[in-house]
Amino acid sequence: PDDVGPVLKKFAAYVAAGPQAPPIRYEYRAFRKDGSMLWLEAHPRAIYGPDGALVEFQDVVRDISERKAAEAALVESELRHRVIAECATDVITRAQLDGKLAYASPSVLAVTGFTFEELREVSILSRIDRDDLVPALAHVRAMIAGETMEAQRLSYRFQRKDGAWIWLECNPTVVRD
């Protein structure tokens with residue numbers, strides 16, 4: 001594959017640096033006898049004699065094909081979910097336990113008038129009507145405490161950036177490690 005050039009260049013630079021060179025690691029693709037490709041990870045080490053002359057190379061090489069496949073699948077999955085979240089007209093959020101937003105989809109601007117960055121700076125709870133806030137918080141706190149696993153649709157009034165009040169509906173879920 002086209003990994004040969006960069007690998008040889010990195011290896012040559014390692015050898016040229018001499019005995020003081022820091023350890024190197026690189027990943028590259030290779031072909032099996034049957035023609036299929038695999039990913040390898042190498043940790044070559046130059047061994048020098050007492051006079052500083054290069055004596056030999058030692059290398060530890062391992063097959064990382066499964067890890068590379070898992071990484072590629074993760075990237076594809078993240079891209080698929082990002083596209084869904086960024087193209088949705090519904091607001092999709094992820095919040096920390098203290099209520100601070102960790103993520104809000106781009107549609108948050110059209111719905112609330114706030115950018116994600118602005119909402120991170122203000123307390124979202126301060127924008128929810130007080131009469132709606134108490135029952136909503138009680139349910140979310142019960143979910144966090146594990147007292148209920150039931151996802152309940154919550155409706156509440158939210159004050160937009162321009163001061164107008166709108167009704168929002170959410171389906172909060174708790175994600176546990």
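What you see is a predicted model; the values in this text were computed from it and never measured.
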For Arg67 and Glu41 the tightest heavy-atom approach is NH1-OE2, 3.8 Å
Check whether more than 12 heavy atoms from other residues, nucleotides or ligands sit under 6.0 Å from atom CD of Glu66, and answer yes or no.
no
When the ring planes of Phe114 and Phe158 are compared, do they come out parallel, tilted or perpendicular, using 30° and 60° as the limits?
perpendicular
Contact between Pro6 and Tyr28 at the side-chain level, heavy atoms closer than 4.5 Å - yes or no?
no
Within the structure provided, determine whether Leu168 and Ile128 are in side-chain contact (heavy-atom separation under 4.5 Å).
no
How long is the span from the CG atom in Leu38 to the NZ atom in Lys68, to the nearest 0.5 Å?
12.5 Å
What residues form a side chain to side chain contact (heavy atoms under 4.5 Å, CB included) with His139, not counting sequence neighbours?
Met143, Thr148, Gln152, Leu154
First locate atom CG of Leu40, then atom CD of Glu27, and finally report the distance between them rounded to the nearest 0.5 Å.
10.0 Å
Please determine whether residues Ile166 and Ile124 belong to a single hydrophobic cluster, defined as Ile, Leu, Val, Met, Phe, Trp and Tyr linked transitively by side-chain heavy-atom distances below 4.5 Å.
yes
Separation of Ser105 OG from Asp90 CG (nearest 0.5 Å)
8.0 Å
Side-chain donor/acceptor of Arg153 to backbone N/O of Asn171, under 3.5 Å
no
What heavy-atom pair brings Gln96 and Ala102 nearest, and what distance separates the two atoms?
CG-CB, 4.4 Å
Using atom types as modelled, flag every donor-acceptor pair under 3.5 Å from a side chain in residues 8-22 to any protein atom, sequence neighbours excluded.
unit_1	atom_1	unit_2	atom_2	d
Lys10	NZ	Arg25	O	2.8
Tyr14	OH	Ala46	N	2.9

Check whether any side-chain heavy atom of Glu121 sits under 4.5 Å from a side-chain heavy atom of Glu117, and report yes or no.
no
Nearest 0.5 Å, please: how far is CD in Glu147 from CZ in Arg141?
11.5 Å
Leu79 CG to Leu74 CG distance, which is reported to the nearest 0.5 Å
11.0 Å
When you compare the side chain of Pro44 with that of Tyr26, does any pair of heavy atoms fall below 4.5 Å?
yes
Is Arg45 atom CZ crowded by more than 12 heavy atoms from other residues, nucleotides or ligands, each under 6.0 Å away?
no
For Val134, the rest of its hydrophobic cluster, which grows through side-chain links under 4.5 angstrom:
none
Under the rule for side chain to side chain contact (heavy atoms under 4.5 Å, CB included), what residues qualify as partners of Asp162, not counting sequence neighbours?
Arg160, Ala164
Using the rule side chain to side chain contact (heavy atoms under 4.5 Å, CB included), only one of Leu101, Thr93, Leu109 pairs with Leu119; which is it?
Leu101
Minimum heavy-atom separation for Asp131 to Pro135, with atom names?
O-CD, 3.5 Å
Distance from Trp167 atom CH2 to Glu169 atom CD, nearest 0.5 Å?
10.5 Å
For a quick test of your reading: what N or O donor-acceptor pairs under 3.5 Å do the side chains of residues 48-56 make, sequence neighbours left out?
unit_1	atom_1	unit_2	atom_2	d
Asp51	OD1	Ala53	N	3.0
Glu56	OE2	Gln58	NE2	3.0

At their closest point, which heavy atom of Val91 faces which heavy atom of Val108, and how far apart are they?
CG2-CA, 3.7 Å
Go through the structure and list residues passing side chain to side chain donor-acceptor pair (under 3.5 Å) with Lys100, not counting sequence neighbours.
none
Go through the steps to decide whether Leu133 and Leu125 satisfy the test side-chain contact (heavy atoms from CB on, under 4.5 Å), and finish with yes or no.
CA-CA 7 Å; Leu133 182 61; Leu125 302 179; 3.8 Å; yes
Step-by-step side-chain contact (heavy atoms from CB on, under 4.5 Å) determination, Asp59 to Phe57
CA-CA 7 Å; Asp59 202 356; Phe57 290 104; over 6 Å; no
Minimum-distance pair of heavy atoms, taken over all atoms of Trp165 and Arg127:
CZ3-O, 3.6 Å
